[in-house]
Amino acid sequence: MSQLRRSMLFVPGANAAMLSNTFIYKPDAIMFDLEDSVSIREKDTARMLVFHALQHPFYQDVETVVRVNPLDSEHGLNDLNAVVRGGADVVRLPKTDNAEDVLEMERHIADIERQCGREVGSTKMMAAIESANGVNNAVEIAHCCPRLIGIALGAEDYVRDLRTQRSPEGTELLFARCSILQAARSAGIMAFDTVYSDANNEAGFLREAEHIKQLGFDGKSLINPRQIEIIHNVFAPTQKEVDYANRIIEAAKEAEEQGLGVVSLNGKMVDSPIIERARWTLQKAQSGIKQ
C-alpha cells in the first residue's frame, strides 16, 4: 500500500531558520523549494543550505522533496546535482508540460546517481502540472516514468495561463483537478493538490481540504505549519469508519480460512475494492482518528 502523503510542507530554500527546524511540525513530507520562493541572487546560497539540510539527522525520519529550477535555466542542473547527491527522496519538477520534460529530468538524475554511487532509480520524482498544456498531457505525463510517485497541481501559473484568477470556490480549478486525479489513478500513482494561498484563512482552507479529499486526492501542498493538523484531521477516518473496516477485514479473513470464494458481511457481498478500501482506511487510522 502507498505511504501517506497528506501534507507536503513548502520550505523556502534560502530561509535558514525554517530549514533548521521544520521537522518539528511533523508533516508527511517536507518540500524544500529552490524555485519560485528563492530570489535570483539567493539561488546558490539556497542550494547549499538545502544540500546540508538533507543530510541533517532530524530530516532522516521524514520524506524530503526538493523542487528544483527548470533544466533550461542556469540553475537547474546545479540544483539537481546537489539534491540527488544530498540524498533527497523525491525531486519535484516545476512546470511540467509533457512527458519529455519528465524523461529529460529522469536521464539527468540517473547519470548523477551513477556518478555519486546512489542506486539508480532510488531518487523518486513528482511532476508539477501548472499549465493548460500540462493538464491536456496529464495522462501521458503520469504514465511516462516509473520514478514518478505522483503528479501535483500548481494553481497560480495555471490560472494565469487560463487568463483568470483564483476564487474562494475554486470553480476555475475543477477541470484541472479532475484531469490530474484521473491521470494519476490510471497510472497507479498519487495526486496532490495545490497550496491554499490565503494562509490565515483556516475556514477557507478547511473547506478546500474537504473538497479535494472528496474528489479523491491523496494530499495537499501547504505553506503554513498550522495547516498540517487540519489536513491530517480531514483525511483521518472516523471511529465508525475504522470499526466498519475492521469488520470487513475480519469477514475476509474468515472467508479465506473457510475456503469461501465470496466474502459477506451482514448478509451483503463484500468485493475486493471494498476490502482494499478497508485496508487503506486502517492504514490511515494508524496516524489518528478524526477529532
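What you see is a predicted model, and the numbers here were worked out from it, not measured in a lab. Residue numbers start at 1 and run along the sequence shown.
I30 has its side chain within reach of V11: a pair of non-hydrogen atoms, C-beta onward, lies under 4.5 Å apart. A heavy-atom distance below 4.5 Å is not found between the side chains of M190 and L4. Residues R92 and E35 have side chains not in contact (no heavy-atom distance under 4.5 Å, counting atoms from C-beta outward). The side-chain heavy atoms of K220 and S7, taken from C-beta on, include no pair separated by under 4.5 Å. I230 has its side chain within reach of F205: a pair of non-hydrogen atoms, C-beta onward, lies under 4.5 Å apart. Between R67 and F10 the shortest side-chain heavy-atom distance falls below 4.5 Å. The side-chain heavy atoms of D33 and P12, taken from C-beta on, include no pair separated by under 4.5 Å. Looking at L19 and F32, their side chains come closer than 4.5 Å, going by heavy atoms from C-beta outward.
Put simply, the side chain of T194 gets close to the backbone of A155: a donor and an acceptor are under 3.5 Å apart. In terms of modelled atom types and a separation under 3.5 Å, the side chain of Q60 and the main chain of L54 share a donor-acceptor contact. A donor-acceptor pair is defined here as one N or O able to donate and one able to accept, closer than 3.5 Å; no such pair exists between the side chain of N233 and the backbone of E229.
Look at R185 and D218 and you find a salt bridge, because one of the NZ, NE, NH1 or NH2 atoms lies within 4.0 Å of a carboxylate O, short of that distance. Between D28 and R5 no salt bridge is recorded (no basic side-chain N to carboxylate O distance below 4.0 Å). Ion pairing between a basic and an acidic side chain is recognised when a charged N comes within 4.0 Å of a carboxylate O; R207 and E169 show no such pairing. Note on R177 versus D193: salt bridge recorded, some NZ/NE/NH1/NH2 to OD/OE distance being below 4.0 Å. A salt bridge is absent between E74 and K43; no separation between the charged side-chain nitrogens and carboxylate oxygens falls under 4.0 Å. With respect to D36 and K95, a salt bridge is recorded, a charged nitrogen being found less than 4.0 Å from a carboxylate O.
Considering OG of S186 and CG of L181, their distance stands at 10.0 Å, rounded to 0.5 Å. Atoms CD1 and CD1, on I141 and I189 in that order, are 9.5 Å from each other to the nearest 0.5 Å. Considering CG of L148 and OG1 of T96, their distance stands at 8.5 Å, rounded to 0.5 Å. For the atom pair CD1 (I223) and OG (S197), the distance works out to 6.5 Å, reported to the nearest 0.5 Å. To the nearest 0.5 Å, atoms CZ (F192) and CD1 (I212) are separated by 10.5 Å. Once rounded to the nearest 0.5 Å, the distance linking CD1 of I112 with OG1 of T123 reads 8.5 Å.
Residues E172 and V159 share a closest heavy-atom pair of CG-CG1, 3.8 Å. Summarising the geometry of V65 relative to A29, their closest heavy-atom pair is CG2-CB, 4.2 Å, with the distance given to 0.1 Å. Among all heavy-atom pairs drawn from I151 and A138, the shortest one is CD1-O, 4.4 Å. The heavy-atom pair separating E130 from A128 by the smallest distance is OE2-CB, 3.5 Å.
There is no path of hydrophobic side-chain contacts, each under 4.5 Å, that joins Y158 to V139. Connection of M48 to L34 is not established within any shared hydrophobic cluster, with ILVMFWY side chains joined at heavy-atom distances below 4.5 Å, either directly or through further cluster members. No path of Ile, Leu, Val, Met, Phe, Trp and Tyr side chains, each step under 4.5 Å between heavy atoms, connects L49 with F51, placing them in separate hydrophobic clusters. Tracing side-chain contacts under 4.5 Å through hydrophobic residues (I, L, V, M, F, W, Y), one reaches L174 starting from F217; they form part of the same cluster. Both F58 and L9 are members of a single hydrophobic cluster when ILVMFWY side chains are connected at heavy-atom separations under 4.5 Å.
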Run the numbers on N69 and D79 for side-chain hydrogen bond (donor to acceptor under 3.5 Å, both in side chains), then give the verdict. CA-CA 7 Å; N69 285 282; D79 289 348; 2.7 Å; yes

Could you walk me through whether L71 and L80 pass the side-chain contact (heavy atoms from CB on, under 4.5 Å) check? CA-CA 9 Å; L71 285 177; L80 202 58; 4.2 Å; yes

Start with the C-alpha gap between R166 and L173, add the side-chain angles, then the distance that decides, and say whether side-chain contact (heavy atoms from CB on, under 4.5 Å) holds. CA-CA 8 Å; R166 292 184 70 175; L173 297 179; 4.1 Å; yes

Dump the intermediate steps for side-chain contact (heavy atoms from CB on, under 4.5 Å) on V91 and M126, then the final yes or no. CA-CA 6 Å; V91 171; M126 180 192 311; over 6 Å; no

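With sequence neighbours excluded, the residues that form a side-chain contact (heavy atoms from CB on, under 4.5 Å) with R160 are D157. Taking the salt bridge (Lys or Arg N to Asp or Glu O under 4.0 Å) definition, one finds that E140 meets it with nothing, sequence neighbours left out. By the side chain to side chain donor-acceptor pair (under 3.5 Å) test, N133 is found to be paired with no residue, residues two or more places apart in sequence or in another chain being considered.
Under 3.5 Å, the side chains of Y196 and N224 contain no donor-acceptor pair of N or O atoms. Between T45 and E42, the side chains place no donor N or O within less than 3.5 Å of an acceptor N or O (distance only, hydrogens not considered).
With D111 as the partner, the side-chain hydrogen bond (donor to acceptor under 3.5 Å, both in side chains) test is satisfied by one option alone out of H108, R114, Q115: R114. For the pairing with E113, the salt bridge (Lys or Arg N to Asp or Glu O under 4.0 Å) check across R85, R147, R107 returns one residue only, R147. Exactly one residue among Q227, R6, M31 makes a side-chain contact (heavy atoms from CB on, under 4.5 Å) with L222. That residue is Q227.
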